[in-house]
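Shown next, in structure tokens, is the structure this report addresses.
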There are 2 protein chains.
Amino acid sequence: MGAQANRRPTLDEVALRAGVSRSVASRVINNTRDVSSTARAAVQKAVKELGYVPNPSARALATAQSGSVLLAVSHDDPNLFADPFFGHVIVGVNAALERTDLVLMLLLADTERGKERLERVLRSRRADGIMLLALHGEDPLYDLAQSLELPVVVGGRPLHGEPAWYVDADNRGGGRTATEHLIASGRRRIAAISGRQDTQVGVARHQGFREAMAVAGLEPVRSETADFTEAGGAAAMTRLLGRHPDLDAVFAESDTMAAGALRALKAAGRSVPGDVAVVGFDDLPIAQGTDPALTTIHQPVQALGREMAKMLVGLIEGERPSPLILPTHLVIRESAP
Amino acid sequence: MGAQANRRPTLDEVALRAGVSRSVASRVINNTRDVSSTARAAVQKAVKELGYVPNPSARALATAQSGSVLLAVSHDDPNLFADPFFGHVIVGVNAALERTDLVLMLLLADTERGKERLERVLRSRRADGIMLLALHGEDPLYDLAQSLELPVVVGGRPLHGEPAWYVDADNRGGGRTATEHLIASGRRRIAAISGRQDTQVGVARHQGFREAMAVAGLEPVRSETADFTEAGGAAAMTRLLGRHPDLDAVFAESDTMAAGALRALKAAGRSVPGDVAVVGFDDLPIAQGTDPALTTIHQPVQALGREMAKMLVGLIEGERPSPLILPTHLVIRESAP
DNA sequence: CGGCTGACTGGAAGCGCTTCCAGTAGTTCC
DNA sequence: GGAACTACTGGAAGCGCTTCCAGTCAGCCG
């Protein structure tokens, strides 16, 4: 009755109860060799009876391994994380981690203070490895993590240079596929709304667009750059229409911007896909909710998270995995049949 | 030249360099009293020169405090977490934690294995406190956390009973407000599409609906229950139209379901808001993307996360905060002017 | 039958920190 | 001038675990 309430059992108590030494108990817990089956059974029994759970801090101290990995999102837009994209990544990461004993730590570093905090966490080696997401331009974080000799896996790629370990979607290939689809369906006056050009994603997708246009011998009507937001997409679309009222297709390089573009097209009285065909990129849930439903490039976001985590676990366990580029594919809906 | 590369400095080395004992160095680091200013300065200098960062495991072991808090999401739908809702909660949590030294651990427990893992993490006291999200029906997790004598803050409320510490949005008030708005705009044949009735959210919103109808002396046309998904909302809307072709308003108790309802209404040839007015709930980004844009109840999701984290920090620091219900408010857009 | 394995075992030394406590000075007060 | 403070200081004892290492005790070979 409330007697055993307060203190949690320690390994010593388990050992005592099992009638063995602490070393033996530890070996049983950690499943290492050199334990007789009788000792093993006794310890396991004691563990169960006492409800023993190892103290992670003590273990971490003794082994110099924290037992956790960090997912760091460093960005200057505090709301970026609200994008469902991240939710999917996390679901993937979580799934991959579920089969290990690693716990996920999450740190969003948007403010200056947040970034300092992230740096402290990194330096303190609270995590055995780190996953970096949404690097835009040059992020000092990457270099820091590198210099700490911590395993680092980058999701996406930074704008310049190529990290040793990363997982990325085939953005360039996706951009090409999207554009090819528009061309194949007979569109000729094709414009693009590209995302921020200080991100590798933004650049790569647009590069795919330009490649496909060049291959087809077409001149892009015009491209507008927006900031990956719905409002930005709408504004860009409006600008495009103002300058090139006769365009017949738009490749909006993210679904969110595509949604904005659809809204602007509707406001301008254009029918989709009748007057203008629209292809997005990402295949987020909104893509199905827009009117008309959005033809888009699917990128395997959950897989991205999963593979990042897997790669990191591999690195921590001493393997040397290869960078990974995940395929994207076209999903045809109504906005560009 | 790679000399100091490998080992990180310890407190002993800092003390040595500063010419004081380890105790003094520790006191300086932790900013406790009883340190002369000369000693303090010497230690601070040594810390800087050595780039010393305390080892969190050692500290955790000595203080019996992990320095982290856990956000646990236990649900049976593995994709629920992809909902932007969670992203916003996390942004809020992160913001509140930024001013502390606590680190956020995130655990999604959808599978059986995930739940066991969550339980292990809880039992091992890897976290100093826990935030629980998306409890549906009765979740054993809550009782477990309670029994561990860990501070627990619940986001939303479980279906039955009331936790000691929770933060919730005023779902019932929101449901009332939404309904009152429909009534005030002259609608009389009002139906509702309620969410899962095994969640407190679902029940509370619908209760608000019923209250407002009763106060106005109106009989609900009919209510259909869906599962908070777009498809579910569309199906429910179709059923409603089948049975009550003359309804003139719908309160869809989540934006996602509202989006589905809009789609079904359009498919049935009804104009919104001409024939049927629609009010949603949540004020997610989709609410602005639907056509027509959705009148909805805004709930402060980010604030929910922030307040949960604040409350938890308070609990950990020994305060006894009060449960909190955050206000919701009506956002009028096109679907129900 | 002596000596050698090989399978186990338990003692003990840490991991890097916090914190209690006994102690040393320097001050103040009667 | 001595007692009683106050303001610091450093030694030492942990926190709960892992892991090295020196043993012990069978069994088995020649």
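Sequence lines set the chain letters: A, B, ... in the order given, protein chains first and strands last, and positions in each chain run from 1. The structure presented is a predicted model; accordingly, all values stated were derived computationally and were not measured.
For Glu119(B) and Arg123(B), the salt-bridge test passes: some basic side-chain N is under 4.0 Å from an acidic carboxylate O.
Between the side chains of Asn30(A) and Arg59(A), a donor-acceptor pair is found at a separation under 3.5 Å.
At a threshold of 4.0 angstrom between heavy atoms, the contacts of Ser26(A) include nucleobase atoms, whether or not backbone atoms are also involved. The residue Ala15(A) sits apart from the nucleic acid: no heavy atom pair falls under 4.0 Å. At a threshold of 4.0 angstrom between heavy atoms, the contacts of Ala64(B) with the nucleic acid are absent. Counting non-hydrogen atoms under 4.0 angstrom, Ser23(A) reaches a base of the nucleic acid. Nucleic acid contact for Asn55(A): sugar-phosphate only, since backbone atoms but no base atoms lie under 4.0 Å from a heavy atom of the residue.
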Ignoring hydrogens and angles, write down the donor-acceptor pairs under 3.5 Å from the side chains of residues 305-315 of chain A, residues two or more places apart or on other chains.
none

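Heavy-atom nearest nucleotides on DNA chain D were determined for Ala58(B) and for Val35(B), and the one closer to the 5' end corresponds to Val35(B).
Checking side-chain atoms of Ser26(B) against main-chain N and O of Arg22(B) turns up no donor-acceptor pair under 3.5 Å. In this structure, Trp165(B) contributes its side chain and Pro321(B) its backbone to a donor-acceptor pair below 3.5 Å. Looking only at distances, a side-chain donor or acceptor of Arg8(B) sits under 3.5 Å from a matching main-chain atom of Val53(B).
Just one residue in the list Arg126(B), Arg117(B), Arg120(B) forms a salt bridge (charged side-chain N to carboxylate O under 4.0 Å, His left out) with Asp101(A), and that residue is Arg120(B).
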Trace of the side-chain contact (heavy atoms from CB on, under 4.5 Å) decision for Leu326(A) with Asp168(A): CA-CA 6 Å; Leu326(A) 301 172; Asp168(A) 200 0; over 6 Å; no

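A rotation axis mapping the C1' atoms of four pairs onto the next four is fitted at both ends of the helix from dC1(C)-dG30(D) to dC30(C)-dG1(D) over five pairs, and the angle between these axes is 50° to 10 degrees.
Contact footprint of chain B on DNA chain D: nucleotides with an atom under 4.0 Å from a non-hydrogen protein atom, first to last in 5' to 3' order, dC8(D) to dG16(D).
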